Amino acid sequence: MNEIMSILSYTFFQRALLCGIAISFSAALIGVILTLKNYSMIGHGLGEVGFAAIALALALNLPTYAVSIPIVIIAAIAIMIISQKKGEGADLIIALVASGALALGVIITAFTSGFGTDAYNYMFGSILTIGSADVILSIALTVISVGTYAFFYNRLFLVTFDESYAKARGIRVTLYQFLIALITALVVVIGMRMMGTLLISSLIIFPAIIAKRHTNSFKGMVFTSVFVSIACFIIGMFSAYFLNLPTGAGIVLIYMILSALSLATTKLLKL
Amino acid sequence: MSLLEIKKLNVSYSNHYALEDIDLKIDEGEYVCLVGENGSGKSTLVKTIVGLKKQDSGTINLNIELGKVSYLAQFNLKDLNFPATAKEIIMTGTQKHGKLPFYSKKDKEVYKRVIEQLHIEDLQNRRIGDLSGGQKQRVLIARALISEPELLILDEPTAGLDYNITQEFYKILKQLNKENKLTIIMATHDIEELANDKPRIVYLSKKVVYDGNYDGWKGYEK
């Protein structure tokens, strides 16, 4: 207990905790829609795009957010538009974008700074890199996500559940898809520092999948997902600190354990 | 003035015309069935009326507010575990389905009346994927009715449903047309099942081939 109180007194840990809770909140909200719309892998694809964008920013000595946020937003919108218009599966488009972006990121890194600490931290996440700008951005992101959910809850649900009916009712489906793409891109870019490009998608997918298994309603899934996301983040972050693991990996480990327990519980209840 | 007036409507897909020179007038309180073979254009016409398909030329004049038009299509739930209760789905049909997850007193009153009319009070908190085909269809009618529409447009709503459920569904439609004075336009294959309801029949084969009453259609068909 004393050890927990002691690490809570460190500024870097407080920043990481606040930033992580805010990102987990937003990731859980957007994860519900993405999972139900079969866009589960978009976080993974955008993570790779984010890595390429950050490699470019580091190579050009530019601020990482200023470069990565617009690039990832454009990629998110493009993935959604292309996968709908071409009739291709979203997973196929995401796989193509992800591998292409990762290759580009690695090439840029190889030609410039090499695979140094910065690149490693973005790949696997590190709470030590989280600064006050990240905290402010993550809180702003939470305000945007909660605001979007609060004001457009029913339309977001309708667009997720039955897009044709939403269109027939005169709802501008594209506008809501744009909002979903925007929030997803922001979650990915801001969450990358903590989780790493390779693991950021787990923050989006796991809470939604666990929540879906235990709820009958959309509202229930949203609340359960947020609760699971924040709880797993806090437990994962402390575990990672005490076990000396990369933060992202520690959080994913907790998700894996909870997923296994959740699956076992549902199977047992069906017996 | 007609409720819906279609003039010289032409609609095509990439390589062929689906509808050619359609002229159609539908008055308030009518029960109209759009029938025809597969590929005759009946679903395309419905989709064009509700704005899901763009026309190449021609006009569609709806002489009521867009909010007073409701739509019900064949709906296949791909994910049976989709977390949505019947109540959540019905409420998406409300007029003010835009903001905040709260509903007005009027929305709640209409909801109560609609679920009572359709006898689905006991389904409201059940997950949509757990309902039978007939129950799902009642939930979707409730969603279409909660906005208190004056015009209900249906696109093959009974496809995939068995005979008894189809009969029950048409009974509800007839009741809504008679008691609620609801104007109905429905694309369907089930002409025989509608023998008792005697709707106006519009037979399509890319063009309007027949437009008249049910008994006249039976004579024309022979």
Side-chain angles (χ1 to χ4, degrees), chain A residues 29 31-40 85 87 89 146-176 179 207-225 228 262-263 266 270, chain B residues 43 46-54 62 65-103 107 124-131 139-140 143-144 146-147 149 152-155:
Chain A
L29 288 178
V32 168
I33 296 173
L34 294 176
T35 308
L36 294 176
K37 281 186 80 66
N38 288 326
Y39 277 111
S40 305
K85 287 207 169 163
V146 173
T148 305
Y149 247 81
F151 279 102
F152 305 115
Y153 177 86
N154 297 318
R155 289 188 185 199
L156 287 170
F157 169 57
L158 185 52
V159 169
T160 307
F161 178 68
D162 189 353
E163 211 174 285
S164 290
Y165 180 75
K167 280 182 190 165
R169 295 281 296 164
I171 292 172
R172 285 181 292 172
V173 172
T174 319
L175 175 75
Y176 294 97
L179 270 176
I209 288 175
I210 295 166
K212 188 181 172 193
R213 213 174 273 143
H214 299 279
T215 49
N216 274 348
S217 68
F218 184 74
K219 198 186 277 180
M221 183 171 170
V222 171
F223 282 108
T224 312
S225 188
V228 165
S262 150
L263 187 65
T266 42
K270 276 184 189 169
Chain B
S43 273
V46 162
K47 286 188 175 80
T48 313
I49 295 170
V50 297
L52 288 175
K53 177 93 185 93
K54 279 186 183 159
L62 262 171
E65 286 172 49
L66 204 61
K68 290 287 167 194
V69 182
S70 207
Y71 173 65
L72 197 164
Q74 180 192 345
F75 180 70
N76 294 318
L77 187 66
K78 287 176 198 154
D79 178 5
L80 289 177
N81 292 320
F82 195 102
T85 60
K87 185 176 182 178
E88 284 181 315
I89 291 162
I90 296 167
M91 290 309 266
T92 61
T94 53
Q95 279 296 312
K96 290 177 183 168
H97 47 65
K99 295 170 185 174
L100 300 166
F102 307 112
Y103 299 98
D107 283 337
Q124 27 180 345
N125 294 318
R126 286 179 59 190
R127 180 160 57 184
I128 188 77
D130 296 339
L131 304 182
V139 168
L140 295 178
R143 177 175 74 171
I146 200 164
S147 60
L152 177 60
I153 301 174
L154 306 100
D155 187 6

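Any value given below was found using the heavy atoms of this structure, including those in side chains, with hydrogens, waters and symmetry copies removed. Throughout, a chain's letter reflects where its sequence line sits, starting with A, and its residues are numbered from 1. Computed from a prediction, not measured in an experiment: that's the story for all the values here.
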So Ser147(B) and Arg169(A), do their side chains get closer than 4.5 Å, heavy atoms only?
yes

Any heavy-atom pair between the side chains of Asn81(B) and Lys212(A) that's under 4.5 Å?
yes

Chain A heavy atoms under 4.5 Å from Ala73(B): which part of the residue, side chain, backbone, both or neither?
neither

Could you check if a side-chain atom of Val32(A) sits within less than 4.5 angstrom of a side-chain atom of Pro83(B), using non-hydrogen atoms only?
no

Distance (rounded to the nearest 0.5 Å) between Glu163(A) CD and Leu52(B) CG
10.5 Å

Looking only at Asn38(A), Leu156(A), Asp162(A), most heavy-atom pairs under 4.5 Å shared with chain B are made by Asp162(A)

Measuring from atom OG of Ser217(A) to atom CD1 of Ile89(B), what distance do you get when rounded to the nearest 0.5 angstrom?
11.0 Å

Crowded around Lys37(A) NZ? As in, over 12 foreign heavy atoms under 6.0 Å?
yes

For the residue pair Arg143(B) and Tyr165(A), establish whether any side-chain heavy-atom pair is separated by less than 4.5 Å.
yes

Are Thr92(B) and Phe161(A) packed together at the side-chain level, in the sense that at least one heavy-atom pair is separated by less than 4.5 angstrom?
no

Interatomic spacing from CZ in Phe82(B) to CE in Met221(A) - rounded to 0.5 Å:
8.0 Å

Distance from Glu88(B) atom CD to Asn154(A) atom CG, nearest 0.5 Å?
9.5 Å

